[in-house]
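Here's the structure, in structure tokens; my notes come after.
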Amino acid sequence: MAKNDSEMGINTLLAHSGNNPHDYFGFVNPPVVHASTVLYPNAATMAARSQKYTYGTRGTPTTDALAHAIDALEGSAGTIVVPSGLAAVTVPLLAFLSAGDHVLIVDSVYHPTRNFADTMLKRLGVEVEYYDPHAGAGIAALIKSSTRVVFTESPASNTFEVQDIPAIAKAAHAAGAIIMMDNTWATPLYFRPLDHGVDISIHAATKYPAGHSDVLLGTVSANKACWKQLCETFYTMGCCAGPDDVYQVLRGLRTMGVRLDHHQRSALAIAGWLEGQPGVARVLHPALPSHPDHALWKRDFCGSSGIFSIVLKGGGQKQQHAFLDALRIFGLGYSWGGYESLAVPVFLGDRVVAKGPYDGPLIRLQIGLEDVEDLKADLARGLAAADGS
Ligand SMILES: Cc1ncc(COP(=O)(O)O)c(C=O)c1O
């Protein structure tokens, strides 16, 4: 294509990034390379490992196609592809933390990230501390001489607070720490972490990039300064992803722009409607003007995806379960980002700072690609059941 990547529209990038069809006889999609052994033409090449592909764990044309496509979207120096979104969190933390280091993790983080920090990182001698998602520049007060990593996730898992990423990046860098961000909610279409000072951008590609609830995959993208260390850890750990899953995510990327646009519009229509429903105390969606962090979201993000939470007006677990059990279209399931709508009860018992108070039980909704009026009718059934319980 004639234009530079940086000049192209996002849907053009999604349609054409990653591979050159003419490298494979003109076939539009790259081959799915199933590989462990790679042959060398002679002993000298083998001794020097001086050819592009050397071993199945260290990359194939299939993994390269996805990594290059993600680099084009993220503006990153390099991307590793790992077998799950959770591995996309744990591998960079292991790459940059050692015994005696201090890590600051946002309190509203995805729960398995907290579990990894509280078990494995602590066992390895890393000091783990949780901070308020609204800390912003104030994070400087928590940074110690041993702080190596500040871990962010914005908007927050389940409660959707928005972090001031540029302010946190500035404070982290001033103290010689690096900043990582789990950017799964926005995808690089609606927020580009590296443009806002983040060093390492993390995605559960399981969600919107895959888009069909049938694949687990993670990507981790680094700027130039962090790429070598990230990549070496990836090779050291041998945690490469399977070629069929990698291919499915590359396939999903081609339509991610149009799918996300639909998720965004439906989620906003439903979130706005829910704000007017008598059984709802609050809607936690940062793209709604009523959200306390709306101005911050508007400053930094250029879109919103399909998940947000609602707070029921009063009640407890009984009302929460009555709501969930009355739903007929929304499924009860955790992994989001697919084409179908989902609802889950939110549990905040693991939080140390960001735990409310809220006026009632929380329910997280993923708005899928179904028709909005059908989804509203289903949610109305849930609200009526919660009210009557
Ligand atoms: C914000 C966030 N990060 C990471 C993950 C982990 O992704 P995976 O399910 O692929 O391990 C999830 C999964 O729900 C998530 O919500």
Side-chain angles (χ1 to χ4, degrees), residues 66 70 74 79-94 105-117 119-120 130 133 151-163 165 180-191 193 198 200-221 237 239-242 244-246 248-250 252-253 256 260 263 267 284-286 301 304-309 331-338 340-348 350-351 354 362-368:
L66 179 61
I70 301 286
E74 292 274 355
T79 291
I80 59 168
V81 182
V82 293
S84 68
L86 184 54
V89 169
T90 60
V91 171
L93 286 171
L94 289 172
I105 300 180
V106 66
D107 191 40
S108 47
V109 77
Y110 171 59
H111 177 75
T113 302
R114 176 191 297 273
N115 181 52
F116 173 75
T119 55
M120 184 103 46
Y130 295 97
F151 193 95
T152 64
E153 181 183 329
S154 183
S157 263
N158 298 327
T159 47
F160 299 93
E161 295 92 336
V162 180
Q163 294 194 253
I165 296 292
M180 300 182 184
M181 178 173 179
D182 183 333
N183 188 37
T184 302
W185 183 86
T187 83
L189 270 55
Y190 295 154
F191 186 80
V198 170
I200 305 259
S201 173
I202 291 163
H203 286 278
T206 305
K207 317 301 179 202
Y208 295 114
H212 293 74
S213 306
D214 53 359
V215 177
L216 287 160
L217 206 81
T219 63
V220 191
S221 304
M237 293 182 69
C239 52
C240 54
D244 295 308
D245 294 341
V246 174
Q248 289 288 49
V249 170
L250 187 65
L253 272 192
M256 187 170 79
L260 264 179
H263 284 292
L284 309 178
H285 187 317
F301 288 72
S304 58
S305 61
I307 60 165
F308 62 91
S309 288
L332 309 189
Y334 286 105
S335 188
W336 46 279
E340 80 289 17
S341 291
L342 299 167
V344 295
V346 171
F347 170 74
L348 298 178
D350 59 344
R351 304 256 176 118
L362 274 70
I363 291 161
R364 191 190 75 192
L365 301 172
Q366 126 96 5
I367 305 302

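Numbering of ligands and ligand atoms starts at 1, following listing order.
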Inset, instruction - Compare all side-chain heavy atoms of Asp350 with those of Tyr130 and state whether any distance is below 4.5 angstrom. - result: no
Inset, instruction - Applying side chain to side chain contact (heavy atoms under 4.5 Å, CB included), name anything that partners Ser305, two or more places apart in sequence or on another chain. - result: Trp185, Tyr208, Leu260
Legend entry - Any residue meeting side chain to side chain contact (heavy atoms under 4.5 Å, CB included) with Thr119, in chain and number order, not counting sequence neighbours: Asn115
Inset, instruction - Taking Asp107 for its side chain and Ala354 for its backbone only, find out whether a donor-acceptor pair lies under 3.5 Å. - result: yes
Legend entry - side chain to side chain donor-acceptor pair (under 3.5 Å) against Tyr110, all qualifying residues, sequence neighbours excluded: none
Inset, instruction - Show the protein residues that qualify under the rule heavy atom under 4.0 Å from an atom of ligand 1, listing them in chain and number order. - result: Ser84, Gly85, Leu86, Tyr110, Glu153, Asp182, Thr184, Ala204, Thr206, Lys207, Leu216, Trp336
Legend entry - Any side-chain heavy-atom pair of Ile70 and Leu253 under 4.5 Å: yes
